[in-house]
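Positions are given from 1 along the sequence.
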Amino acid sequence: GSFYYDYWEGSKIDKLKALQLTHYLSVIIVILILFVLMIKNLKTMNLKLFLLGSLKVYLCFFLHFIQLPFEYLFFVLTVISMPIMLEIMKSRGQKDM
């Protein structure tokens, strides 16, 4: 948000609208990239792990563009890491058996 406030031309409303448009476009692009990756690698990937990782990537983009930062939002990404790590440990344990 500070980049748009300092460097974007126009009124504060124009700067906010530019930030919102960037936020919207970046989230859409992330969704499309993750969808393409899923379709290309569907047969060879651990789908549960991919979906958890995709959720984390999506939330990273979504939460970091929010105009009013709340401290508890950054905790969400940490909590999402826990099931990802658990799934990685479970999948590695199955391969060792």
Side-chain angles (χ1 to χ4, degrees):
S2 63
F3 172 80
Y4 289 90
Y5 185 78
D6 292 337
Y7 300 110
W8 198 264
E9 297 294 325
S11 67
K12 288 182 182 179
I13 297 295
D14 294 335
K15 294 175 183 184
L16 182 61
K17 288 192 184 286
L19 176 63
Q20 290 172 339
L21 180 62
T22 304
H23 181 199
Y24 177 73
L25 292 176
S26 70
V27 167
I28 295 296
I29 289 169
V30 165
I31 290 171
L32 290 174
I33 290 171
L34 292 171
F35 180 73
V36 168
L37 285 173
M38 183 184 79
I39 295 300
K40 282 188 163 192
N41 301 313
L42 191 59
K43 295 182 189 217
T44 60
M45 75 166 79
N46 180 344
L47 188 60
K48 189 174 183 181
L49 186 59
F50 179 79
L51 292 175
L52 284 169
S54 296
L55 176 65
K56 184 163 181 171
V57 169
Y58 170 79
L59 286 176
C60 281
F61 276 86
F62 181 77
L63 294 176
H64 289 291
F65 271 107
I66 291 180
Q67 288 87 20
L68 297 171
F70 299 102
E71 290 181 16
Y72 68 88
L73 292 177
F74 301 106
F75 184 68
V76 172
L77 297 174
T78 305
V79 170
I80 289 190
S81 294
M82 291 178 200
I84 292 172
M85 295 303 294
L86 182 64
E87 185 63 29
I88 289 172
M89 290 185 327
K90 281 177 20 181
S91 68
R92 285 190 179 174
Q94 290 174 353
K95 288 179 184 177
D96 291 341
M97 292 180 161

The reported gap from OG in Ser81 to CG in Leu86 (rounded to nearest 0.5 angstrom) is 12.5 Å

- prompt: If you count the non-hydrogen atoms of other residues, nucleotides and ligands that lie under 6.0 Å from CG in Leu21, is the total more than 12?
  reply: yes

Indicate every side-chain donor-acceptor pair of residues 28-42 with a distance under 3.5 Å to a residue at least two apart or in another chain.
{"residue": "Asn41", "atom": "ND2", "partner": "Leu37", "partner atom": "O", "Å": "3.2"}

message = Please tell me whether His23 and Phe61 form a close aromatic pair, meaning their ring centres lie under 6.0 Å apart.
response = no

Distance col, row Leu63:CG vs Phe75:CZ, nearest 0.5 angstrom, shows 13.5 Å

Query - Ile80 vs Leu52 side-chain heavy atoms within contact, under 4.5 Å - result: no

Between Asn46 and Ser91 the two heavy atoms that sit nearest each other are ND2-CB, 3.9 Å

Check for me, please, whether Val27 and Val76 land in the same ILVMFWY cluster - side-chain distances under 4.5 Å, paths through other members count. yes

Here the salt bridge (Lys or Arg N to Asp or Glu O under 4.0 Å) pairs for residues 41-56, sequence neighbours left out, are Lys48-Glu87

Item to complete: Answer with yes or no whether the hydrophobic clustering places Leu55 together with Tyr72; edges join I, L, V, M, F, W, Y residues whose side-chain heavy atoms lie under 4.5 Å apart.
Response: yes

Here the salt bridge (Lys or Arg N to Asp or Glu O under 4.0 Å) pairs for residues 14-39, sequence neighbours left out, are none

